[in-house]
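Encoded as structure tokens, the structure appears first; notes follow it.
So that the names make sense, note that chain A is the first sequence line, chain B the second, and so on, each numbered from 1. Since the model is a prediction, treat every value here as computed from it, not as a measurement.
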Amino acid sequence: MARVPDKPTLEGLERRFIAEWDANGVYLFDRTRQRSEVFAIDTPPPTVSGSLHVGHVFSYTHTDTIARYQRMRGKAVFYPMGWDDNGLPTIRRVQNYYGVRCDPSLPYDPTFQPPDEPHSPPIDVGRRNFTELCRQLVAADEVAFEELFRRLGLSVDWNYLYKTIDDRPTKVSQVAFLRNLARGEAYQQEAPTLWDVDFRTAVAQAELEDRELPGASHLLTFHRGDGADDLMIDTTRPELLAACVAVVAHPDDKRYQTLFGTDVTTPLFGVNVPVLPHELADAEKGTGAAMVCTFGDLTDVTWWRELDLPIRAIVGRDGRVLAEPPGAISDADARARYARLAGKTTKQAQAVVVELLRETGELVGDPRPLKHPVKFYERGDRPLEIVTSRQWYIRNGGRDDKLRAIFLELGRELTWHPEFMRHRYESWVAGLTGDWLISRQQQFGVPFPVWYPVTADGTVDHDRHIVPAEDALPIDPSADIPPGYTESQRGQPGGFVGDPDVMDTWATSSLSPLVGGRWLDDDDLFARVFPMNMRPQAHEIIRTWLFSTVVRSYYELGALPWSDAALSGWILDPDRKKMAKSKGNVVTPIAYLDTYGSDGVRYWAASARPGVDSTFDEGQMKIGRKLAIKLLNVSKFVLGFNHGEPVAEAAITHPVDRALLTRLARVVSEATTAFDAFDYARALERTESAFWSFCDDHVELVKGRSYGVAGDNAAASATASLQVALSTFQRLLAPFLPFVSDEVWSWWQEGSIHNAPWPRLDADGDDAVLAAAGWVLGAVRKAKTEAKRSMRSPVELVVVRAPSASLAGVEAARTDLIEAGSIATLRLEESEEPETIVTLAADPAL
RNA sequence: GGGCGCUUAGCUCAGCUGGCUAGAGCACCUCCCUUACAAGGAGGGGGUCGGGGGUUCAAGUCCCUCAGCGCCCACCA
């Protein structure tokens, strides 16, 4: 006996089912299943910084529909969640929220309590205190994140939740790093690196972005001896003149042939620098001759390295000109000029240099304003500088073509959804110019588990690493002591120091399949889930997260981390701009979940093609809600026949009903194929359109027969087919509308629909019957509408003229048509030209 | 400069390996309270499928080309 409410409603479904699913363990991962029976998802751990926005709802829903489909296909779905609470966003928030700053040199203060209000000026605290504040602050956000994801109906197994800040992920990061180090895949190097002067940290190539900035071209005079003509050089960065180490021109540039190998003297500072040929110099740009500074841009680094030039650094890590000039600036006037620059930001220094050049007459004309692209750290506010520093790197093929070829090949073995996304991986890997810089000069993150010996004279020996045993991890070298030492030896001659840096957040994220699968900690589990099936993620982090995961997985396990990568698009606001926190146009999802229900919002998300940027569209949510309501109502109606008791499928003998099953079988097949290809949107579209046609046409057609107007057998056939269709549609819609589908399922089935098997149908009916019947019914409806009659109004005569094949279909549906259309006489006439003539009964109102 | 994607009704978008008069939803108009649903239903108006060329019996769909928009990569004097 079906338990159908008198007045079906969507109200309260979310709260009820969230609790029910939890209580019944509907989404628990069955870890007894073998790898071949598991579908494992490498879920993106969202960055915990504030709140989730509608973009999260969008992409996480995509993944969830696939998880639900695979679960219904009988797979044990490994669907963990993680919180990425590492990294700069958290640091920034903690600094601002409490008004504190981390000073790693300070000891831990167990009694420290954060101020109630942001403290100004910021209070300096030790790294461990700072970390504790980070944990406190993210904890509240994480509760809200979990609540939202549950509300949205994500079928995550929350038992596998992890936080990147926790010991286990930290240990995974440190172990993997030490193994990289031992195998030579990680190394340390002192070299010019891109440097953010505000965050005071090195940044990686993958975190750069170009911004178009106004600048100016300055024409400078470099002097040649013996009264020869001056050498003119155009530069946008005259403030780096003191850092000039050479002048380069293209080897074929006729203008400079005689100068190659000679020296010229720099303006203002009178330093002799060589004029050298190099392929990268462009005869078309400026005067064709460029000054090489240490370092103005990445090309300078190349010239410096390949031409074996000295270093004359003048910009410090704070972005200001260093107090002391390079040794090459020896002349007293030159040193006096330099003194006017010292301590200034590069921007201020530029103004001073221009002034000085005007005084000496070495600036030709005025600076000519231009716009040019400048490299920024993607989270930064000021242009990057290049400074020499000691950093950790992981080899990624950027300096090794054989390795690069391996990573390119791995990218080709990966299945991409949509397929064209592989181009982004290809062009990124092909264009790498250096290894992956993983160290950051930050206080909060996974520390490098390395100490260095301090020699007897007090210098740190960076060439020797003291590393802990794996089973001692995780460690913090600024708090923990290397084996064989005591805390009193920290920083002392003959003692040790800890590596002060932390790993970039991607260095941890790149291990997400290992962290999620509990590598090291639970080998049995890991063997059942790795390599994973699916990596869902946004397309703009292919170069960071996706690529780095491929790299780490290759090093640690010699395999691709997953078989399939599913890239989601962006949410655009109505002005077609990407919704992003930094753009200030994000939409908070809660209000929409309240208004349209989780199912409605999920419908909107699932309507967007995989990988395609999609406009935020409230209208789609409204449609989703209507779909959910329709499912309630049609379920109620179908379950009203035979008191909701199941009727054996064997009763389905009527040609109209058999045609329905054939249509259903096709829809199931299309949805299945689409889902297998990760195309949730197509699965939804096929299902939805078949569902509406079922409700509006088929149900109307067989309604009368279901009530019994054509006898018990005909009624049983209709009822049984309606039940099959209902069961099928409920399950096809379950991945998209998990709440309402489980509600209607609960009216007549045992257990959650989300643990029910995905529908399978074999049918051999002739669905031309439905096409023919639909055509006639449509004509009848049209006639009634045009006559402004009710759909119930009687029809005296319908004459159907069509080829015999179509007539056979109409004949098969005769009783249903007569009933559905209130037709007194239905006459069929064979004809080449299909035509339906409807004669309405006299209007009783007239 | 190289690459990728997009351009179909007023709006948001489907249209998969070329094939019946190009579809859906929203919006708009008309009608219908029919006992699953008025939070519904029936019907209608509206498109030379970005431009041009080509292949084909047949092109929104394939090829070439141009244009606009977006993105990725590279350049950055």
Paired with [N] by Watson-Crick or G-U wobble geometry, both distances under 3.5 Å: which nucleotide is it?
N	result
B/U7	B/A67
B/C57	B/G19
B/C49	none

OP1 or OP2 of [N] less than 4.0 angstrom from a side-chain nitrogen or oxygen of [X], does that happen here?
X	N	value
A/Tyr425	B/G3	no
A/Lys285	B/C75	no
A/Lys703	B/A36	yes
A/Lys626	B/C26	yes
A/Arg609	B/G15	yes
A/Gln205	B/C73	no
A/Arg424	B/C71	no
A/Thr615	B/C13	yes
A/Ser607	B/A14	no
A/Lys782	B/G44	yes

>> Taking the nucleotide of RNA chain B with the nearest heavy atom to each, does A/Met291 or A/Lys636 sit closer to the 5' end?
In response: A/Lys636
Reckon [X] touches a base, only the sugar-phosphate, or nothing at all at heavy-atom distances under 4.0 Å?
X	result
A/Lys375	base
A/Arg792	base
A/Glu700	base
A/Ser427	sugar-phosphate
A/Tyr707	sugar-phosphate
A/Leu280	base

Pairwise [atom1] distance for [N] and [M], with rounding to whole Å:
N	M	atom1	value
B/A24	B/G47	C1'	14 Å
B/G43	B/G53	P	39 Å
B/C63	B/U56	P	16 Å
B/C26	B/A9	C1'	12 Å
B/U30	B/C16	P	36 Å
B/C72	B/G25	P	36 Å
B/A59	B/U21	P	12 Å
B/C66	B/C71	P	22 Å

Check this for me: does any side-chain nitrogen of one of [X] and [Y] sit under 4.0 Å from a carboxylate oxygen of the other?
X	Y	value
A/Glu426	A/Arg424	no
A/Arg305	A/Asp300	no
A/Asp599	A/Arg625	no

>> What is the separation between atom CD on A/Gln620 and atom C1' on B/C11, rounded to the nearest whole Å?
In response: 11 Å
> What is the distance, rounded to the nearest whole Å, between atom CD of A/Gln730 and atom C1' of B/A36?
Replying inline: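 From A/Gln730 CD to B/A36 C1': 13 Å.
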>> What I want to check is whether an N or O donor and acceptor connect the side chain of A/Asp210 with the base of B/C76 at under 3.5 Å.
In response: yes
> Counting only heavy atoms not in A/Glu284, do more than 12 sit closer than 6.0 Å to its CD atom?
Replying inline: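 Incorrect, the count does not exceed 12.
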>> What I want to check is whether the side chains of A/Gln730 and A/Ser635 have a donor and an acceptor closer together than 3.5 Å.
In response: yes
> Should the pair A/Phe736 and A/Phe675 be assigned to parallel (<30°), tilted (30 to 60°) or perpendicular (>60°) ring geometry?
Replying inline: parallel
